[in-house]
Amino acid sequence: MLALTNRLPQLARTAWRWLREWSGDAAYERYVHSAASLRRQEPALSPTEFYVQQLERRYSRPSRCC
């Protein structure tokens with residue numbers, strides 16, 4: 001029982017990280033990390049600019065609906 005109690009915080013962090021990745025909530029953090037590792041010349045986008053860019057990319061393509 002003590003081992004489970006000691007591992008519970010680690011399990012909670014892992015579950016939270018997985019949930020953020022699955023929902024797309026961690027996309028900006030991944031973008032910033034990627035931009036820093038590539039050492040690009042232009043500065044990274046702000047969170048708002050990144051969000052707008054993602055929305056434009058998602059909804060600018062034609063939909064097969066209706």
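All of these numbers come straight from a predicted model, not from anything done at the bench. Note that the numbering runs from 1 along the sequence shown for the chain.
In this structure, the separation between OG on S60 and CD on Q53 is 10.5 Å, given to the nearest 0.5 Å. For the atom pair CD of E29 and CD of E21, the computed distance is 8.5 Å after rounding to the nearest 0.5 Å. The CG atom of D25 sits 14.0 Å away from atom CZ of R17, with the distance rounded to the nearest 0.5 Å.
No chain of hydrophobic side-chain contacts below 4.5 Å, direct or via other Ile, Leu, Val, Met, Phe, Trp or Tyr residues, connects F50 to V52.
Counting heavy-atom neighbours within 6.0 Å of R7 CZ, excluding the residue itself, gives a total of 12 or less.
Contact record, Y28 with L45: OH-O, 2.8 Å, taken as the closest heavy-atom pair.
Ring geometry, W22 versus W18: the interplanar angle falls under 30°, so the pair is classed parallel (tilted spans 30 to 60°).
Under the 3.5 Å distance criterion, the side-chain polar atoms of Q54 are left unmatched by any main-chain donor or acceptor of Y51. Counting only distance, with no hydrogens or angles, the side chain of S23 and the backbone of L19 share a donor-acceptor pair below 3.5 Å.
With sequence neighbours excluded, the residues satisfying salt bridge (charged side-chain N to carboxylate O under 4.0 Å, His left out) with E42 are R40. Among residues two or more places apart in sequence or in another chain, the side chain to side chain donor-acceptor pair (under 3.5 Å) test is passed with R13 by Q10.
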